[in-house]
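Input: a single structure, listed below in structure tokens.
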Amino acid sequence: MGQETPKVKQTRNNSLAVIDNRTGKQYSVPITHNSIPATFFKSIRAPAGPDGRPEDETERGLRVADRGFLNTAVIESAITYIDGERGILRYRGYPIEQLAENSTFLECAYLLIYGALPTRSQLSHFEREVLLHGIMHADATKFFGSFRYDAHPMAMLTSAFGYLGSYYEEANPSLQGQTLFTKCAKGDPEALQNMDKQIYRLIGKATTLAAMAYRVRQGREFVVPPTGMSYTESFLYQLDHLSPTDSFSASVSASSSPSPYKPHPVLARALDVLFILHADHEMNASSTTVLQTGSSLPDPYSAVAAGCASLYGPLHGGANEAVIRMLVAIGSPDNVPGFLAAVKRREKVLSGFGHRVYKTSDPRSFIIRKIANDVFAVTGPDPLLDTAMALHDAALKDDYFVSRKLAPNVDFWSGLIYRAMGFPMDFFPVLFVVPRVVGWVAHWRQMMLSPEGVKIWRPRQIYVGPSERSYVSFDEREAVQGPGKEPSAVVHSGMAKRRRLAEVGSLATGVKSKL
Ligand code: SDX
């Protein structure tokens, strides 16, 4: 056979040709990984135009505007890949469907953090360390005891992560030096050990803190993490075990010795798979928040607390709670057309639908629907399911949603499962935070290990405010009034009202009122 002609490797000019029509200058912008460096545009300068403002800083180079990060890549990451058009989600290259079928949450945690599927001995070491670090300092009972019984568990959990960091000065770069974790990038063994210890603590104690927040709401004693159980079994145990000192269980133990509590295996496995699905999702709002915070090099507990606060919002992790509130408000399948009409009038939001990245389908939603069937087989179906199905089917056939590429996301179904499992609605976002701690620490670790070091994230702005103006005295000022343009008068009640009246009363004795 003749010598094969060597295939000529196709090359192409990976660059963008840009002409600045203000100056006629041409530029060639390099393209790598289908992206262009935003900083390149700083070199494209032009004299200020007739319609420009000094604050536009035209002579100092272009800025790239991207409100809401619709198309801005802030990091290079090897952790998670999402293809929103093809509905793909992979952790370190492994499809989420295969992990949900074959893996466990802690094995996926290992994969996301360290980049490879562990050997048996590596996994048992990791599991042992995480479970060992589930114990909380006894003072945590005072911390959680200081919340009102009806405090939102996400408010408790957000605070708890910041509080947790106060125990570990060895994890605080402000105390130990700013290279405390970034020196891991050079393979410093002590630094890597310190970093891993904080990771074990954050993952291990995430369930304990979440369970303590839950027990505050239930008015129950806190439960020490058990031994001999899996991560999710241990979590369910801490949520539901009635400890011998618990007043309720005392009456139970009077009649019979309380049997050692073991969570239902179907519920434990369902929660473990839900945790796998929620473990990471590349640059979602909360992971971005963790990295934004982490970029100034605080301790990882503070960065995680910031991520927890971000996930609390109804546009993000709070959506699973919002979905149930929406379904309860709709009430029955008959009311679905009226609700969707209100959504189209922008009077209401279809929670659990839409996604910044997934524009065809959220692959997690298909897996979650299967879990829902397994759970409902044990718990009994949720009456809201009929309304959810009617809403789901109607929206997917309605051009308003189809044209906007709005499909059900992970939150549309997860709330129904958590409700069927008996969790209160305001605990749903907590069930999102616990697994997402893994994604947060995986991205934080990747940032600390970046060979080029950590640069503080400090984005630019486009200033559209007033140009320079001089200070004027009270007499020369014109009042700027109207809603939102001046401090609102608030209606005082209770003690504040009486104190305000007392103040006015005392001022009534001739002293010029400041009111
Ligand atoms: C999660 O980022 C992640 O990866 C998040 C997450 C993760 O794992 O971390 O996947 C988890 O947060 C899932 C998303 C949960 N949130 C919700 O279900 C809340 C409801 N969804 C929307 O708020 C919204 O879809 C977002 C916030 C999820 C995405 O918003 P975008 O990308 O900014 O889209 P957009 O607001 O620009 O919407 C585009 C159009 C708009 O219509 P027009 O103004 O152009 O006419 O779609 C409309 C929006 O009004 N739209 C909706 C809608 N979502 C978008 N209309 C009705 N109901 C909705 N839910």
Side-chain angles (χ1 to χ4, degrees), residues 66-75 77 79-85 87-91 96 100 108 112 154 274-292 307-327 329-330 336 339-368 388 391-392 394-396 398-416 428-429 431-440 442-443:
D66 185 8
R67 184 169 165 267
F69 282 154
L70 284 161
N71 191 37
T72 293
V74 289
I75 59 165
S77 177
I79 298 175
T80 293
Y81 175 68
I82 302 175
D83 180 329
E85 295 302 329
I88 286 173
L89 168 57
R90 299 184 195 129
Y91 291 165
I96 193 68
C108 286
L112 286 164
M154 281 295 285
L274 283 162
F275 280 10
I276 290 173
L277 299 180
H278 285 86
D280 189 52
H281 217 236
E282 54 132 287
M283 280 295 101
N284 58 88
S286 53
S287 298
T288 306
T289 304
V290 169
L291 293 183
Q292 171 71 57
C308 192
S310 168
L311 191 137
Y312 194 174
L315 290 188
H316 185 17
N320 52 22
E321 177 181 353
V323 166
I324 298 299
R325 294 184 192 282
M326 170 186 75
L327 293 173
I330 293 172
V336 163
F339 173 78
L340 289 180
V343 170
K344 291 190 260 187
R345 293 193 302 270
R346 298 168 192 273
E347 293 162 9
K348 295 187 187 297
V349 167
L350 178 53
S351 290
F353 262 67
H355 198 279
R356 174 60 57 78
V357 179
Y358 291 125
K359 297 305 175 190
T360 50
S361 62
D362 183 336
R364 300 168 296 181
S365 60
F366 301 115
I367 301 167
I368 276 202
L391 184 62
H392 170 270
L396 288 183
D398 188 311
D399 187 55
Y400 179 92
F401 303 98
V402 174
S403 64
R404 289 171 174 78
K405 299 187 175 183
L406 301 177
N409 57 48
V410 66
D411 292 296
F412 187 75
W413 303 107
S414 59
L416 283 167
F428 293 2
L431 297 168
F432 194 151
V433 166
V434 170
R436 189 52 57 90
V437 166
V438 163
W440 294 339
H443 282 286

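Predicted model, so just to flag it, every value in this text is computed and none were measured. Indexing begins at 1, ligand by ligand and atom by atom, following the structure's order.
Of the listed options K405, H281, R346, R346 places a heavy atom closest to atom 43 (P) of ligand 1. Nearest to atom 52 (C) of ligand 1 by heavy atom, out of V323, L70, L350, L406, is L406. Between atom 20 (C) of ligand 1 and the options F353, F412, F401, F432, the minimum heavy-atom separation is to F353.
When distances from atom 60 (N) of ligand 1 to the protein are checked, a heavy atom turns up under 4.0 Å. Per-atom contact check: atom 6 (C) of ligand 1 touches the protein, criterion being a heavy-atom distance below 4.0 Å. There is a protein heavy atom less than 4.0 angstrom from atom 10 (O) of ligand 1.
Ligand 1 has an N or O atom lying under 3.5 Å from an N or O atom of H355, backbone or side chain. Not a single N or O atom of Y400, backbone or side chain, sits closer than 3.5 Å to an N or O atom of ligand 1.
Heavy-atom proximity to P314, at under 4.0 Å, picks out these atoms of ligand 1: 19 (C). Close contacts of ligand 1 with D411, meaning ligand atoms under 4.0 Å from a residue heavy atom, involve 1 (C), 11 (C), 13 (C), 14 (C), 15 (C). Annotation for ligand 1: atoms under 4.0 Å from non-hydrogen atoms of R356 are 29 (C), 31 (P), 32 (O), 33 (O). Below 4.0 Å from some heavy atom of A319 lie the following atoms of ligand 1, by number and element: 15 (C), 16 (N), 17 (C), 18 (O). Distances below 4.0 Å separate heavy atoms of V343 from the following atoms of ligand 1: 57 (C).
Contacts between R404 and ligand 1, counted as non-hydrogen atom pairs separated by less than 4.0 Å, involve the side chain only. When heavy-atom distances to ligand 1 are checked against a 4.0 Å cut-off, N284 comes that close through both its backbone and its side chain.
Relative orientation of the H392 and F412 rings is tilted, given thresholds of 30° and 60° on the angle between their planes. In this structure, Y358 and H281 have tilted ring planes: the angle between them lies in the 30° to 60° band.
At least one heavy atom of R364 sits closer than 4.0 Å to an atom of ligand 1.
Enclosure of atom NZ in K405 is not indicated, since only 12 or fewer non-hydrogen atoms of other residues, nucleotides or ligands lie within 6.0 angstrom.
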